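Bear in mind that the values here come from a model prediction, so they are computed numbers and not experimental data. What you see below is based on every heavy atom in this structure, not just the backbone, and it leaves out hydrogens, waters and symmetry mates.
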Amino acid sequence: MTAAKPESASKHGRILCVTSNFPRWKGDSTTPFVLHLCQDLQDLGWRIDVVAPHATGCASREVLGGVAVQRFRYLWPTALETVCYQGGALGNLRRNPGDYLKLPPLIFFEWAAVLRRLISGKYDLLHSHWILPQGLTGVLAAKPLGIPHVATVHGGDVFALKGALMSRFKRFTLGNVDVITVNSSATRVAVERLVPVGTPVHTIPMGAAEPKIDREAVERIRGLYRRENGPLLVFVGRLVYEKGVDDLIEAVAQLRDELPHLTALIIGDGPDRTELEERANRLGVGDRTVFAGWVQPDQISNHLAAGDIFVGPSKKSPNGGVEAQGLT
């Protein structure tokens with residue numbers, strides 16, 4: 001469908017954002033941090049349009065949360081578009097090596113979609129999220145047109161995607177953008193190994209809104225999940241390997257006798273959920289690990305406040321990926 005444009009006028013200019021991580025529809029379990037950044041930039045007076053990959057069930061064009069988004073097709077039929085979302089591209093490639101064959105069309109059609117938008121002359125700046133492939137396709141589209149290009153590195157691709165060929169692509173990309181931003185000191189160190197000495201790298205963590213706590217909701221959540229005197233452990237995040245939820249379940253099993261009323265509340269969804277639920281049952285702690293699934297973002301703060309202990313057991317994935325900055 002053809003989307004209406006956001007009505008707010010631009011004070012500073014117009015930015016084209018290209019990303020592989022963006023909610024597919026309202027209420028989607030895809031982490032919305034890029035959407036939130038776009039919304040915040042619009043509140044500051046910028047006009048933001050987003051280019052992201054298409055997937056089954058999402059609109060090709062729409063305005064989502066006040067941000068105009070175009071989702072480009074890269075394979076037909078739609079059921080084949082499985083590289084992105086559902087835990088992220090790196091995780092999907094690890095679980096389904098056949099998806100590597102889908103990368104060339106993804107990269108080509110992403111480049112074509114970005115180039116078409118930039119040629120329109122409407123944009124003052126290109127903002128790409130992740131070095132590969134968005135940073136690379138952004139360089140190939142923006143540099144010939146002389147359009148400034150900001151690349152934001154979130155960590156996953158700089159720590160993973162090892163090997164000489166991938167390193168060359170990353171060096172080429174980072175060496176041909178105008179500004180590099182990173183989300184943490186750990187990401188900065190990894191990026192500075194790839195760029196020439198003296199290249200400016202700016203650390204700008206992805207922000208989170210100030211939490212709004214509803215005390216009645218907090219007590220209701222505690223009453224729902226806390227067993228007698230607790231303690232109630234709370235995890236929030238995607239259910240993928242590098243989030244370390246399997247280690248949390250192992251810890252609950254080890255503490256079963258010492259803390260008989262311990263409960264782990266696991267908030268979030270992802271491709272590893274079924275496997276994790278089976279693991280909890282196999283270890284005999286299925287009744288002590290509650291998989292709450294996707295919770296609306298405005299309720300996350302209440303769930304965190306309801307817990308006695310927050311647990312974020314992230315770890316390195318088999319392909320070298322690590323969590324550079326966990327927003328929770």
Side-chain angles (χ1 to χ4, degrees), residues 23 26-33 36 86-88 91 155 183-186 205-317 321-328:
K26 184 178 179 180
D28 182 25
S29 60
T30 300
T31 47
F33 60 90
H36 291 167
Q86 296 296 320
N183 60 354
S184 71
S185 57
M206 296 297 292
E210 182 177 351
K212 297 178 181 178
I213 306 299
D214 181 339
R215 290 300 169 185
E216 291 186 3
V218 170
E219 291 305 314
R220 185 170 62 252
I221 294 166
R222 285 175 68 83
L224 183 61
Y225 296 116
R226 201 167 185 255
R227 296 156 55 97
E228 299 188 21
N229 293 323
L232 178 63
L233 313 183
V234 181
F235 165 89
V236 180
R238 292 176 295 125
L239 301 187
V240 294
Y241 181 88
E242 49 267 40
K243 292 293 186 178
V245 180
D246 56 337
D247 288 342
L248 171 57
I249 295 171
E250 292 279 354
V252 172
Q254 291 183 30
L255 293 170
R256 170 173 40 202
D257 296 330
E258 184 177 349
L259 297 171
H261 301 303
L262 178 148
T263 302
L265 175 59
I266 299 170
I267 298 170
D269 211 343
D272 292 353
R273 177 171 177 171
T274 299
E275 179 183 337
L276 292 168
E277 290 176 328
E278 292 173 350
R279 187 184 194 93
N281 290 328
R282 191 165 59 249
L283 292 173
V285 291
D287 60 334
R288 298 163 187 251
T289 52
V290 179
F291 288 83
W294 173 256
V295 171
Q296 290 300 319
D298 61 356
Q299 291 298 312
I300 292 296
S301 297
N302 292 330
H303 283 74
L304 288 172
D308 297 294
I309 301 172
F310 167 75
V311 185
S314 61
K315 61 182 180 180
K316 183 179 290 188
S317 68
V322 298
E323 185 173 37
Q325 183 208 3
L327 290 177
T328 50

Between the side chains of D287 and R256, is the shortest nitrogen-to-carboxylate-oxygen separation below 4.0 Å, so that they form an ion pair?
no
TODO: Taking the side chain as every heavy atom from C-beta outward, state whether H261 and N229 have any pair of such atoms under 4.5 Å apart.
DONE: no
Walk me through it: do V240 and K243 pass the test side chain to side chain contact (heavy atoms under 4.5 Å, CB included)? CA-CA 6 Å; V240 294; K243 292 293 186 178; 3.7 Å; yes
For D298 and K212, run side chain to side chain contact (heavy atoms under 4.5 Å, CB included): C-alpha distance rounded to whole Å, both residues' side-chain angles, the deciding distance at 0.1 Å, then the answer. CA-CA 8 Å; D298 61 356; K212 297 178 181 178; over 6 Å; no
* **From CA spacing to verdict: salt bridge (charged side-chain N to carboxylate O under 4.0 Å, His left out), R215, E219** => CA-CA 6 Å; R215 290 300 169 185; E219 291 305 314; over 6 Å; no
Separation between CD1 (I249) and CD (Q254), nearest 0.5 Å, reads 12.5 Å
In short, R273 meets G293 closest at the heavy-atom pair NH1-CA, 3.4 Å
Which of V252, L232, L233, T289 passes side chain to side chain contact (heavy atoms under 4.5 Å, CB included) with T263? Answer is L232
Paired with D247, the salt bridge (charged side-chain N to carboxylate O under 4.0 Å, His left out) test is passed by just one of R279, K315, K316, namely K315
Closest heavy-atom pair, A305 versus I213, reported as atoms and distance to 0.1 Å, is CB-CD1, 4.1 Å
Output for pair (M206 CE, H36 NE2), nearest 0.5 Å, gives 9.5 Å
- [ ] Kindly indicate, with the supporting measurements, whether the criterion side chain to side chain contact (heavy atoms under 4.5 Å, CB included) is fulfilled by L239 and I266.
- [x] CA-CA 9 Å; L239 301 187; I266 299 170; 3.7 Å; yes
Q. Is any side-chain N of the basic residue among D308 and R226 closer than 4.0 Å to the acidic one's carboxylate O?
A. yes
key: Any donor-acceptor pair under 3.5 Å from D269 side chain to W294 backbone   = no
Tightest non-hydrogen contact, residues A217 and Q299, listed as CB-OE1, 4.4 Å
Interatomic distance, CG@L265 vs CZ@F310, rounded to 0.5 Å, equals 11.5 Å
When rounded to the nearest 0.5 Å, the distance separating CZ of F33 from CG of N183 is 8.5 Å
Correct closest heavy-atom pair for A306 and I221 would be CB-CG2, 3.6 Å
Taken to the nearest 0.5 Å, the spacing of L262 CG from I309 CD1 works out to 7.5 Å
>> If you count heavy atoms of other groups shown closer than 6.0 angstrom to CD of Q296, is the number above 12?
In response: yes
Heavy-atom closest pair (G307 atom, V234 atom, distance to 0.1 Å) is CA-CG2, 3.5 Å
Rounded to the nearest 0.5 Å, the CG atom of L276 sits from the OH atom of Y241 at a distance of 11.5 Å
Tell me, with the steps shown, if V236 and I300 meet side chain to side chain contact (heavy atoms under 4.5 Å, CB included). CA-CA 8 Å; V236 180; I300 292 296; 4.0 Å; yes
Heavy-atom nearest pair, V285 first then A253, reads CG1-CA, 3.7 Å
